[in-house]
4 protein chains.
Amino acid sequence: MAKKSGDKYEAILDAAAKIIGEVGYHKAQISKIAREANVAEGTIYLYFENKQDLLLSLFQKRFGEFIVNLKNELNTAKTPLEKLRKLVTRHLENSEKDRNFAQVTQIELRQADRALRQKLSELLRDYFTIIENIIDEGKEQGIFRSDISTKVIRRMIFGTLDEMVSSWLLSSRQYSLSKQAKDAVELFCHGFLVKNND
Amino acid sequence: MAKKSGDKYEAILDAAAKIIGEVGYHKAQISKIAREANVAEGTIYLYFENKQDLLLSLFQKRFGEFIVNLKNELNTAKTPLEKLRKLVTRHLENSEKDRNFAQVTQIELRQADRALRQKLSELLRDYFTIIENIIDEGKEQGIFRSDISTKVIRRMIFGTLDEMVSSWLLSSRQYSLSKQAKDAVELFCHGFLVKNND
Amino acid sequence: MAKKSGDKYEAILDAAAKIIGEVGYHKAQISKIAREANVAEGTIYLYFENKQDLLLSLFQKRFGEFIVNLKNELNTAKTPLEKLRKLVTRHLENSEKDRNFAQVTQIELRQADRALRQKLSELLRDYFTIIENIIDEGKEQGIFRSDISTKVIRRMIFGTLDEMVSSWLLSSRQYSLSKQAKDAVELFCHGFLVKNND
Amino acid sequence: MAKKSGDKYEAILDAAAKIIGEVGYHKAQISKIAREANVAEGTIYLYFENKQDLLLSLFQKRFGEFIVNLKNELNTAKTPLEKLRKLVTRHLENSEKDRNFAQVTQIELRQADRALRQKLSELLRDYFTIIENIIDEGKEQGIFRSDISTKVIRRMIFGTLDEMVSSWLLSSRQYSLSKQAKDAVELFCHGFLVKNND
DNA sequence: AATGAATGAGAGTTCATTCAT
DNA sequence: GATGAATGAACTCTCATTCAT
């Protein structure tokens, strides 16, 4: 397999993101991706083992970049709350900016073989760890409640973001996704119950 | 097409739920479903238009039953908060009880054609409306905060439940899903911020 | 897989023999064989696991029939020499009659995977055993020389017949193959050395 | 095309003999042969027109050398019988020494296109002529029987040798091939019939 | 002469769907 | 209604060959 540098590798990944984003993984034919990338079908197999490996590499690269950028940004935040705000904002902004990738992440990754899903969830685990670290940090500093398990909180945060992106993707995308970041964080922090209703 | 009653119709739906739950929609062969249902392949096409219609009908029926039961139960609840608690509990309990169906709902529905997804989201909309009605009722009664959009709250609730089920499905399912209902509701209501940290 | 009875099974085998005989195993496309058999491509896979299995089945059936017929005929012969004459005659006659099959046996079987070749040579072993039994019977009766190993004699007999068929196939087939049976047997028995030249 | 000399030319032929001998002509990938020869894939096409030409050249060269050596040796033999002995011995010895080449000759040459097979049999014809010349010489000298056609005798000799080599190749090659030369010649000359059984 | 990345035609196989019985 | 053998379009992947460097 050729090295992962060079125009073609990138062109194929871009084409794959576009086609898969448009028609879904199963309906995305290698021939279409090749045409979109201005490359022969066989060329794809110089850079990727097979179709599944292409999807995996696509996710790996894009998500990896997102994670790296996110980590850098989180380092500039002081409090866990500030970190959470940045994470939520980045997640929604990124999905809004790269619709194709969001589509792949949200929709396509859930299908495919058990084996593939396994590998993909390993990649997601990095993201989960970042979220859980923020939560644990907040708990240690006495800012976040310790009586609810970190995992449940993480699932609320990720699930909410995920659902927000899904809704937005399935809608006509006429509203701004990232502008809902503030509301989401507010909800996470205080819930929707009016204070004196305990 | 035969009417939607009779042993075979049910047998096929059960078989479909089982096979799709096990191997996913795309890998679920009609021949396997037929064999599981003790029915000839062609028979399936007497009851369903095509494979996609089978998936759709499966979801429709199972989800419809869930919605009906849910509505009945919600009628016995007095406050919006109580209603929310019942909804969360039923959602998690139901997923835990019928793993195959949860698998289909969570994972398989997200793929497939735009057309199918469209129809499915119409079915989900019923559920969304139920959730949003509870929220609006709470807002009207001054129990729930009115400064956050109903849709965002709904997405948090559904997204969280969805993610909780997904996590549980991808895990070895060694923990009880429905036992986390209380924590989830607590989070929805008060958030995870310690009170004096405003 | 469907049962091995019925028109289609036979039609496919016949078509395969014809096409493979004409262009060789590797160049024999499933689509061509299907068209020749007046059958859809997929139908072939109802009767055979894959292309290789088709070749194997073809050989198995045809060669099996030949072996059965041969055994019956050998039972009517009294002396080992008479048996040898019948075997040689049948071998050449059969090849002459069914040119396609001869082609497959001689040429195509030698290629393909080690695995396939292994299976095929197991089938041939039946034939080898028949030849060797005749030789051993002759040795026991003191008619055939015991100072030369049965295997070497068998290889001479089979190799000679094989080569005669090969030559005939590669030639324009203008001469009668089976008419050389007598010469062949004469050679096997007495060699080509003039008697007083020891 | 480069001239048929030089290190690379030889290296490619050697590599081809090795790879083809191991996995067969059809499964022998140009890329593998190139790697084995420490040469770029494209380089092979500087020395050979295509894959088929490579196989042909391989046979041509190796078989040509064998023929030249054989002719030289036959010149030192006085009687036709002595010549036959030398030919049989050389044939078996050569096959035993260069297993890869034997494999190619026996197995791979039989497949491939009609066109290729045609060219190859032209090369073999040289060998056939040598054998037939020995037979005719023997007939003229009254040593060999004139009542059996030269071609049939030649086919017996070549077919027997061929089958002996084939058997040996398909076996685990635990026995000595060349040691059976004497038995073979004995069979050719006197047949396997005990003398007083005419 | 030498390279090896790129090409793209080609072929086996799968499987949802049909239809004669 | 029920069957299941038959269909054939669709699609991934291979690999001999080319050609710009």
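Below, read A as the first sequence line, B as the second, and so on, with proteins coming before strands; counting in each chain starts at 1. Values in this document were obtained by computation on a predicted structure and should not be read as measured data.
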Once the angle between the rings of Tyr9(B) and Phe48(B) is folded into 0 to 90°, is it parallel (under 30°), tilted (30 to 60°) or perpendicular (over 60°)? parallel
Kindly assign one of parallel, tilted or perpendicular to the pair Phe63(B) and Phe59(B), based on the angle between their ring planes and the thresholds 30° and 60°. parallel
Using atom [atom1] of [X] as one end and atom [atom2] of [N] as the other, report the distance to the nearest whole Å.
X: Leu54(B); N: dC15(E); atom1: CG; atom2: P; result: 16 Å
X: Arg35(D); N: dT3(E); atom1: CZ; atom2: P; result: 14 Å
X: Ile12(C); N: dT7(F); atom1: CD1; atom2: C1'; result: 12 Å
X: Tyr9(B); N: dA2(F); atom1: OH; atom2: C1'; result: 18 Å
X: Phe48(C); N: dT14(E); atom1: CZ; atom2: P; result: 15 Å
X: Leu46(B); N: dG4(F); atom1: CG; atom2: C1'; result: 12 Å
X: Asp7(C); N: dA5(F); atom1: CG; atom2: P; result: 15 Å
X: Asn38(C); N: dA6(F); atom1: CG; atom2: C1'; result: 13 Å

Does Lys61(D) come within less than 4.0 Å of Glu10(D), counting only side-chain N to carboxylate O? yes
Between dA5(F), dT7(F), dA2(E), which one does the side chain of Tyr47(C) approach most closely?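 The answer is dA5(F), which lies nearest to the side chain.
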Give the C-alpha distance, both sets of side-chain angles, the deciding distance and a yes or no for salt bridge (charged side-chain N to carboxylate O under 4.0 Å, His left out) between Asp14(C) and Arg62(C). CA-CA 10 Å; Asp14(C) 286 341; Arg62(C) 295 293 207 284; 2.7 Å; yes
Distance check: side-chain N/O of Lys8(D) vs OP1/OP2 of dA2(E), anything under 4.0 Å?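 Yes, because at least one side-chain N or O of Lys8(D) sits under 4.0 Å from OP1 or OP2 of dA2(E).
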Are side-chain heavy atoms of Leu13(D) and Tyr47(D) found at a separation under 4.5 Å?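 Leu13(D) does not reach Tyr47(D) side chain to side chain.
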List in chain and number order the residues that pass salt bridge (Lys or Arg N to Asp or Glu O under 4.0 Å) with Glu36(D), two or more places apart in sequence or in another chain; answer none if no residue qualifies. Lys18(D)
Could you run through nucleotides 11-17 of chain F and give me one letter per nucleotide, 5' to 3': B if any protein heavy atom sits under 4.0 Å from the base, S if only the sugar-phosphate is that close, - if neither? SBBBSSB
Is it true that a side-chain atom of Lys27(A) and a backbone atom of Ile19(A) form a donor plus acceptor pair closer than 3.5 Å?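 No; zero donor-acceptor contacts below 3.5 Å.
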Measure from the side-chain N and O atoms of Tyr25(C) to the backbone N and O of Gln52(C), and report whether any donor-acceptor pair falls under 3.5 Å. yes
From Glu49(A) atom CD to Leu54(A) atom CG, the distance as rounded to the nearest 0.5 Å: 11.5 Å
Please give the stem ranges for DNA chain F, sorted by first residue number, where a stem is three or more consecutive Watson-Crick or G-U pairs and both donor-acceptor distances are under 3.5 Å.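 Only these stems qualify: E:2-21 with F:2-21.
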